[in-house]
Amino acid sequence: GLSDEVIMKLGDYHNSDLPDSWKAALSFSEHLAGNPKGPISEDLQARLEQHFSSTEILRLGALLAVGSGWQRMIEAFGIRPDHYEPGQAGPWTT
């Protein structure tokens, strides 16, 4: 698992001391989640290629797409955890 220290760095990973490979993967994750929309930039493509093979980039993209899609399905159908009580906000709301 990830340490609390690493988890705290994820909110501002661009300015953190996380490895550059993690930063590239996290940027890819944000992009696939729709921020920003459209094709990935040449810069992001180059950063990914510095750290990952073509196969690894495709596998990472597939994994991220499933995770992102799963979350969107959960939100679309209003799926709540078993311990949910009526009137309680969903886990994705602040």
Side-chain angles (χ1 to χ4, degrees):
L2 297 174
S3 69
D4 288 343
E5 180 183 359
V6 170
I7 291 170
M8 294 301 294
K9 294 176 184 182
L10 295 177
D12 188 23
Y13 70 88
H14 290 288
N15 297 309
S16 74
D17 61 353
L18 291 171
D20 288 339
S21 60
W22 286 38
K23 292 178 183 181
L26 289 164
S27 292
F28 191 30
S29 175
E30 282 186 343
H31 191 92
L32 291 179
N35 182 22
K37 295 180 190 266
I40 64 171
S41 67
E42 290 180 14
D43 174 64
L44 178 53
Q45 180 73 36
R47 288 190 295 135
L48 288 167
E49 290 173 349
Q50 281 181 326
H51 304 287
F52 306 103
S53 70
S54 295
T55 300
E56 289 171 327
I57 293 169
L58 287 173
R59 287 179 177 166
L60 178 59
L63 177 65
L64 294 169
V66 167
S68 179
W70 189 257
Q71 181 60 37
R72 287 183 176 159
M73 187 187 78
I74 287 170
E75 291 176 22
F77 286 96
I79 297 170
R80 303 285 194 264
D82 290 339
H83 56 68
Y84 171 77
E85 295 179 17
Q88 182 181 10
W92 49 85
T93 58
T94 55

- Task: Flag yes if Leu26 and Leu2 sit in one hydrophobic cluster, no otherwise; membership is Ile, Leu, Val, Met, Phe, Trp, Tyr, and two members link when side-chain heavy atoms are under 4.5 Å apart.
- Result: yes
- Under the side-chain contact (heavy atoms from CB on, under 4.5 Å) test, residues paired with Pro19 that sit two or more places apart: Ser21, Trp22
- Among the clusters formed by ILVMFWY side chains lying less than 4.5 Å apart, do Ile7 and Leu18 turn up in the same one? yes
- So salt bridge (charged side-chain N to carboxylate O under 4.0 Å, His left out) across residues 37-49, not counting sequence neighbours, yields Asp43-Arg47
- Note on the structure: For Ala25 and Leu64 the tightest heavy-atom approach is O-CD1, 4.4 Å
- Item | Heavy-atom closest pair, residues His14 and Ser27 | CE1-OG, 3.5 Å
- Residues passing the side-chain contact (heavy atoms from CB on, under 4.5 Å) test with Leu48, sequence neighbours excluded, are Ala24, Phe28, Ile40, Leu44, Phe52, Ile57
- Item | Set of side-chain hydrogen bond (donor to acceptor under 3.5 Å, both in side chains) partners for Asp20, sequence neighbours left out | none
- Message: Enumerate the salt bridge (charged side-chain N to carboxylate O under 4.0 Å, His left out) contacts for residues 1-11, please, sequence neighbours excluded, ordered by first and then second residue.
- Response: Glu5-Lys9, Lys9-Asp17
- Message: Under the rule for side-chain hydrogen bond (donor to acceptor under 3.5 Å, both in side chains), what residues qualify as partners of Lys23, not counting sequence neighbours?
- Response: none
- Distance col, row Gln45:CD vs Gln50:CD, nearest 0.5 angstrom, shows 11.5 Å
- Query: Which pair of heavy atoms, one from Ala33 and one from Ser68, lies closest together, and at what distance?
  - Reply: CA-OG, 3.9 Å
- Item | Any residue meeting side-chain contact (heavy atoms from CB on, under 4.5 Å) with Thr55, in chain and number order, not counting sequence neighbours | Ser53, Arg59
- Counterpart residues, side-chain hydrogen bond (donor to acceptor under 3.5 Å, both in side chains), relative to Asp12 (two or more places apart): Asn15
